[in-house]
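Naming convention: chains lettered A, B, ... in sequence-line order (proteins, then strands); numbering from 1 in each chain.
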Amino acid sequence: MSDFKWTRKDLLSIYDLSAEEIIHILDTAEEFKKVSQRRVKKVPALRGKTVVNFFVEPSTRTRISFELAEQRLSADIINIATESSSLKKGETLLDTVKNIQALQVDLIVMRHSATGAPNFLAERLNCGIVNAGDGAHSHPTQALLDLFTIREKKGSFKGLNVSIIGDIRHSRVARSDMWGLLKLGANVTFAGPATLVPEEFRELGVRVCHNLPEALEGADVVNLLRIQHERQRSGFFPSIGEYSGIFGLNESVLKYMKPDAMIMHPGPINRGVELASALADGERSVILEQVTNGFAVRMAVLFLVAGCLK
Amino acid sequence: MNYILKNARVIDPSTGFDGVKDIYVTDGKFAAEPAADAEIVDLSGYVLAPGFVDIHVHLRHPGKTAAETIHTGTMAAAAGGFTSVVAMPNTSPCADNPGTIQYVLTNAEKEGVVNVLPCGAMTKGIAGEEMAPLGGLKKAGVVAFSDDGKCVQNHELMRHIMEYSKSFDLPILDHAEDLQLLAGGVMHEGYWSVLLGMKGMPAEAEELMISRDALLAGKTGCRIHIQHVSTAGSVDIIRHAQSKGIKITGEATPHHISLTDVEIKKFNTNYKMNPPLRSEADRMALIEGLRDNTISVIATDHAPHTETEKLVEFDYAPFGIIGLETAIPVTLTELYHKGYLTLPQLISKFTKGPADVLGLPLGTLEVGRPADITIIDTETEFTVDPSTFKSKSRNTPYGGYKAKGRVAGTMVGGKFVHRLF
């Protein structure tokens with residue numbers, strides 16, 4: 001491991017991190033992955049620390065992944081899940097979270113539907129904030145687990161071609177992956193219907209295309225995003241059937257992919273919509289390994305930020 | 001008190017005068033000769049102009065007096081150099097009836113520090129469905145009609161309002177935005193909204209409605225004034241309509257000519273307003289529109305909100321910022337000192353421009369008119385400190401802003417309501 005010194009009490013977005021910081025998290029996660037393969041999987045790193053999982057937007061897999069990571073680090077855990085915004089209950093988000101902080105908690109892992117909500121709180125609180133997803137803005141631990149999985153399989157990022165396909169416009173995963181990949185020297189392609197893939201990303205050096213074979217050609221990694229049915233209802237594309245016929249990854253377009261190209265998906269999968277069932281379960285798929293790597297990465301993040309609390 | 005105001009550089013865009021001369025104030029009015037008991041005030045080094053008019057202000061009174069009142073809002077206007085403010089009707093109750101206008105005027109008489117000119121709603125409850133009693137509102141004393149904060153989406157209703165309002169020879173001040181295209185956006189749609197994953201407000205949502213307004217103004221002959229013009233396309237549409245002889249004018253705010261959407265990346269809700277901060281190209285097009293006088297007015301859209309309302313997630317924060325106490329320092333710094341506008345041009349945006357839109361004898365130094373005067377010190381540099389504001393609210397993006405130029409004095413009807421010398 002490098003002798004790099006981690007200095008952040010919050011993890012808000014990949015955009016904020018340097019390449020060195022990202023690599024440091026991945027290296028730390030590698031150590032924690034080893035721990036999770038031992039017979040005794042628990043370490044005392046966060047013993048005596050209290051972590052609150054504050055989810056203002058529903059989540060199952062991310063919350064469970066964080067919770068397991070916290071348990072393996074021996075932290076005390078409180079779960080708060082609420083579907084409505086705190087405002088609708090008549091209390092502001094800041095007041096709610098200040099109340100949580102007053103219970104002397106150390107870290108808040110939060111998910112929120114409003115962009116920038118974790119940034120807003122991090123500026124005003126002493127406890128650490130780990131962003132578990134805010135709006136369509138940022139989902140740093142998902143990006144880190146994607147990067148971890150890519151590095152594990154492909155060795156390095158320099159010159160690697162990564163195509164991310166689907167609803168880029170509304171995806172915090174796409175944005176977070178993009179920042180990480182660009183910072184580490186990979187080439188990023190965003191693909192999908194023009195309503196869901198804004199042209200503005202070109203200004204960052206991302207290749208934007210609206211044609212699946214073009215997006216698959218030469219890709220080392222293909223990352224598919226979940227298509228939400230509500231986007232069809234809002235008129236971004238005519239039907240789920242048309243979407244999967246044109247942008248869904250299935251056997252008929254496999255010929256465009258490199259033999260060693262791997263398939264990723266942040267989950268949950270719509271089988272038969274963005275990804276054919278056989279491919280999701282096939283040998284190119286690393287989808288379940290992403291889940292395993294997810295909690296190693298989250299252990300690393302919690303461990304690092306907890307080390308910077310005053 | 002009577003005055004002899006000596007040695008100032010007097011700039012009066014209504015007559016084109018720009019030079020040193022003495023101004024006499026007697027019994028609250030401009031006078032041709034000095035009064036015998038007049039106080040002599042030496043204004044060497046200062047610029048003296050007709051009283052500034054802010055054609056777009058939310059005084060929040062009645063209904064939201066936790067954020068502002070007629071008293072605090074007009075105190076802020078005085079400190080900011082404005083002698084008259086046009087008060088928007090989106091209060092609670094809404095100023096869509098003569099009773100509410102009467103209430104505003106009575107309070108302004110009692111506790112107002114500068115002239116309060118009420119604007120009446122165009123539709124009942126500014127709901128965009130039924131026409132408000134425009135004739136009754138005019139009788140009660142409104143100077144214009146507006147549904148500011150909302151926009152009449154029904155084009156036929158808008159056509160009828162524009163035709164009907166001609167009977168009363170008052171302008172319509174329109175907040176132009178197509179709500180369907182706006183689609184619940186919270187910031188300008190462009191590079192930064194895409195990067196941040198925030199819902200965008202496309203420029204076309206504004207431009208579409210300005211086109212509608214221009215076409216209907218052409219058809220009906222109504223005078224229409226576009227509030228807070230914010231995009232390059234909007235400036236083009238207004239310029240084109242003016243070239244066809246359509247009676248359309250526009251205003252720009254100090255924030256749209258000084259800030260852009262890059263600020264949103266800090267998620268500070270004091271940068272959230274409607275229309276939103278746009279791109280750099282839009283900002284420069286607005287400045288060009290001010291230069292060629294396509295945009296003849298600068299107005300603040302002073303929109304007070306309490307700290308509690310603004311201290312929330314960006315998506316949930318209300319739109320709007322205060323502007324009365326920063327407008328002149330910001331525009332002197334950004335437009336005059338950077339060489340985009342001459343001082344007479346800049347002053348015209350606050351005097352002749354709004355007076356012409358309203359068709360009122362404001363923005364003048366004419367003998368016999370009430371002595372409303374704004375006195376400017378163009379050279380003093382200072383850092384904006386919101387804790388010193390007279391406004392009840394603090395929702396400004398300009399805290400810490402380094403300004404060059406400030407308001408040194410404000411006189412309303414012959415009385416100093418703000419005086420630094």
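- Between F201(A) and F190(A), the ring planes are perpendicular. Angles over 60° get that label, and only those under 30° would be called parallel.
- The part of K266(B) that comes within reach of chain A is its backbone (N, CA, C, O), which places non-hydrogen atoms under 4.5 angstrom from that chain.
- Using cut-offs of 30° and 60° on the angle between ring planes, the pair H58(B) and H56(B) is tilted.
- Of the listed residues V194(B), D315(B), L195(B), the one with more heavy-atom pairs under 4.5 angstrom with chain A than any other is V194(B).
- With a 4.5 Å cut-off on non-hydrogen atoms, E199(A) does not touch chain B at all.
- Taking the six-membered ring for Trp and thresholds of 30 and 60 degrees, F237(A) and Y243(A) have ring planes inclined between 30 and 60 degrees apart.
- Of the N and O atoms on the side chains of R111(A) and H139(A), at least one donor lies less than 3.5 Å from an acceptor on the other residue.
- With a 4.5 angstrom heavy-atom cutoff, R124(A) touches chain B only via side-chain atoms.
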